Amino acid sequence: MVDPHYDMLADRHAPTRKPYWDDLYPHEILGYAPYDGILVSRGIVGDHRVAGKYSASQAMRFQIEGARKFLRLDSERYRHLAIYGDCGAFTYVNEEVPPYSPEEMIDFYDHGGFTHGCSVDHIIFDYVDGLQGLDGQTPERQRRFEITLDNASKFFSLAHRINNRFTPLGVVQGWSPGSMAVAAERLVRLGYTYLAIGGMVPLKSNQIQNCLRAIRAAIPSDTRIHVLGFAKADDIESFLEFNITSFDTTSPLIRAFKDDRQNYYLPADKGRLKYYTAIRVPQSIENTRLQRLVKRGAFRAEDLTQLEKTSLSALRAFDRHECDVEETTQAVMAYNAILLTERPYADVADLPKVKALADRYRMTLSDRAWRHCSCAICQSASIEVMLFRASNRNKRRGIHNLGVYKHLIDNLDIKEAV
């Protein structure tokens, strides 16, 4: 969520702001939903057993109001959007067993008004490509494998008893394409017609494809597949042959502020994305690295603050066509060189990593990428959306990325490929 009234020039919220009530979700600030639904992980909501990301009051409100109202998807305009749920297995990966039972998850999904819910899984690591069947199993792999399947069996039976008020998904966990295929086949025999493929986040594209190929060969062609944590934007078309029904990803959001290079998306030719590097202008008095330099006596606080102000002034002048690309780049690099090397720009300007960053900034500025987007965020924030600076700009950039990514997915030639 972002604060629609955040003052970017003064870098502050309104003193009367109430975060949950005043801030907006992506579909609210954009004016349309940049997704076909939202996935909520039980572990992210949190409780007394698992420390989630929600505050205590947010978690309570979620439980009382249900997912759709909490996420503000309860208006007629958004009621068609799906709300998926899973257990958030990464949050309890180091536990011996999952902290949630099938009965608890059934109640969580049903009471929360979810449209789809995943069975209780336990992540299996140590992926090995090329193994057939259950080859390569170890006691720990087998233990987690059986826990996941036993929970899926109980979960499906319980979901059937409440007349499937949400669509149950059986979660596939394995350590290889072969073991995942075995798990998928067993889930289908239990009665599942929709499977969620787990453990995909750390895998490369070809490894995910190997898993999907093995799974597809083991299950009926009309079995639906959801891929958990899938974000392969650059080769998304190579996955069309596997007839994926759905997937979830936070990558467009996270890359906005956790990637060194690919922070801002724009559509490119042939159904691909073009990436731009956001320009780092951290708040000098709040940046821990800069403050360490001040404490060491390497730089004076007032000098860093002046470099920060000069960077912001140059960037905003550039946006008004009052400053050219090179002058703006030099201004921001005088500040960024210290962030990158802890030394003045004049001393490190010729270092390869400094020159590479300057080149990426020049491309961002030369292309004026934010001027090529008509979304509500870029239209209102202008160059501010390109600044890597505090959460309200970074989250706005991530929400913009969601919209671009959704456009990419919507324009895939799925019918022809399938």
Side-chain angles (χ1 to χ4, degrees), residues 1 20 25-27 33-73 81-95 97-125 144 147-148 151-152 155 158-159 166-173 194-203 225-231 245-255 258 395 398-399 402 405:
M1 302 177 79
Y20 174 76
Y25 286 105
H27 56 276
Y35 28 65
D36 298 306
I38 294 178
L39 181 141
V40 179
S41 290
R42 180 71 182 89
I44 298 301
V45 176
D47 59 16
H48 63 284
R49 293 163 296 184
V50 177
K53 300 294 186 182
Y54 285 25
S55 67
S57 60
Q58 286 177 324
M60 184 176 295
R61 189 179 304 119
F62 185 93
Q63 295 287 352
I64 293 171
E65 295 180 342
R68 191 167 294 279
K69 186 174 182 180
F70 182 88
L71 298 169
R72 299 181 196 151
L73 297 176
L81 295 180
I83 302 179
Y84 281 55
D86 70 7
C87 299
F90 276 101
T91 60
Y92 56 81
V93 62
N94 294 319
E95 301 294 327
V97 295
Y100 310 115
S101 68
E103 291 84 358
E104 286 177 298
M105 291 310 301
I106 288 286
D107 183 64
F108 178 74
Y109 297 144
D110 189 37
H111 184 72
F114 286 76
T115 61
H116 300 73
C118 295
S119 60
V120 183
D121 60 321
H122 213 17
I123 292 176
I124 301 173
F125 289 111
R144 290 175 176 249
I147 285 174
T148 300
N151 281 333
F155 184 84
L158 291 166
F166 61 85
T167 300
L169 283 77
V171 179
V172 172
Q173 288 287 355
Y194 204 167
L195 306 181
I197 316 302
M200 298 290 101
V201 172
L203 302 190
I225 286 179
H226 178 94
V227 185
L228 292 160
F230 177 83
T245 303
S246 56
F247 64 91
D248 65 274
T249 178
T250 58
S251 179
L253 286 168
I254 299 300
R255 274 195 175 185
K258 285 196 174 180
K395 288 180 182 178
I399 293 171
L402 274 180
Y405 193 65

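In this chain, residues are counted from 1 in sequence order. Just so we're clear, the structure is a prediction, and the values are computed from it rather than from any experiment.
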Next item on the list: Taking the side chain as every heavy atom from C-beta outward, state whether Met200 and Leu228 have any atom pair closer than 4.5 Å.
Entry: no
Check: Roughly how far, to the nearest 0.5 Å, is the NE2 atom of His122 from the CD atom of Gln173?
Finding: 9.5 Å
Next item on the list: To the nearest 0.5 angstrom, please state how far the CG atom of Leu253 sits from the CG atom of Leu402.
Entry: 4.0 Å
Item checked: Side chain to side chain, Ile38 and Leu81, heavy atoms closer than 4.5 Å -> no
Checklist line | Distance-only side-chain donor-acceptor flag, Ser41 / Asp86, under 3.5 Å | finding: yes
Check: Atom CG of Leu158 and atom CD of Glu104: how far apart are they, to the nearest 0.5 Å?
Finding: 11.5 Å
Next item on the list: Mind checking the CZ-CG spacing from Phe155 to Asp121? Nearest 0.5 Å is all I need.
Entry: 10.5 Å
Check: What distance do Ile123 atom CD1 and Phe90 atom CZ have between them, rounded to the nearest 0.5 Å?
Finding: 4.0 Å
Note to self: We want to know whether His27 and Tyr35 form a side-chain donor-acceptor pair, criterion being a heavy-atom distance below 3.5 angstrom.
What the structure shows: yes
Next item on the list: Please report the shortest heavy-atom distance between Gly229 and Val201, naming the atom on each side.
Entry: O-CG2, 3.8 Å
Next item on the list: Walk me through it: do Thr245 and Tyr194 pass the test side chain to side chain contact (heavy atoms under 4.5 Å, CB included)?
Entry: CA-CA 9 Å; Thr245 303; Tyr194 204 167; 3.5 Å; yes
Next item on the list: For residues Cys87 and Cys118, report the shortest heavy-atom separation together with the two atoms involved.
Entry: SG-O, 4.4 Å
Check: Any ion pair linking Arg49 and Glu95 (charged N to carboxylate O, less than 4.0 Å)?
Finding: no
Next item on the list: Only pairs at least two apart or in different chains count here, so list each salt bridge (charged side-chain N to carboxylate O under 4.0 Å, His left out) that has a residue in residues 62-73.
Entry: Glu28-Arg72
Notebook entry, point to check: Going by heavy atoms in the side chains, are Val171 and Leu195 under 4.5 Å from each other?
Noted result: no
Checklist line | Minimum side-chain heavy-atom gap Tyr84-Asp248 below 4.5 Å | finding: no
Note to self: Could you report the tightest heavy-atom contact between Val120 and Asn151, atom names first, then the distance?
What the structure shows: O-CB, 3.2 Å
Notebook entry, point to check: Are Arg42 and Asp47 ion-paired here, with the side-chain N under 4.0 Å from a carboxylate O?
Noted result: yes
Check: Under 4.5 Å between any side-chain heavy atoms of Phe247 and Ile197, yes or no?
Finding: no
Margin query: Between His226 and Ser246, do the side chains contain a donor N or O and an acceptor N or O under 3.5 Å apart?
Written below: yes
Next item on the list: Specify the closest pair of heavy atoms between Pro99 and Tyr92, including all atoms of both residues, with the distance to one decimal.
Entry: CD-CG, 3.3 Å
Notebook entry, point to check: Should the ring pair Phe62 and Phe108 be called parallel, tilted or perpendicular, given that the plane angle runs from 0 to 90° and is split at 30 and 60?
Noted result: parallel
Next item on the list: Verify the distance criterion only: is there a donor paired with an acceptor across the side chains of Tyr20 and Ser57 at less than 3.5 Å?
Entry: no
Check: Is the distance between the ring centroids of Tyr54 and Phe70 under 6.0 Å?
Finding: yes
Checklist line | Any Val93 side-chain heavy atom under 4.5 Å of Phe125 side chain | finding: yes
Check: Within a strict 4.5 Å, meaning less than it, do heavy atoms of the Met105 and Ser119 side chains meet?
Finding: no
Checklist line | Exam field: side chain His116 to backbone Pro168, donor-acceptor pair closer than 3.5 Å | finding: no
Item checked: Point-to-point distance, once rounded to the nearest 0.5 Å, from CZ of Phe166 to CD1 of Ile83 -> 13.5 Å
Next item on the list: Give the C-alpha distance, both sets of side-chain angles, the deciding distance and a yes or no for side chain to side chain contact (heavy atoms under 4.5 Å, CB included) between Phe114 and Val40.
Entry: CA-CA 9 Å; Phe114 286 76; Val40 179; 4.0 Å; yes
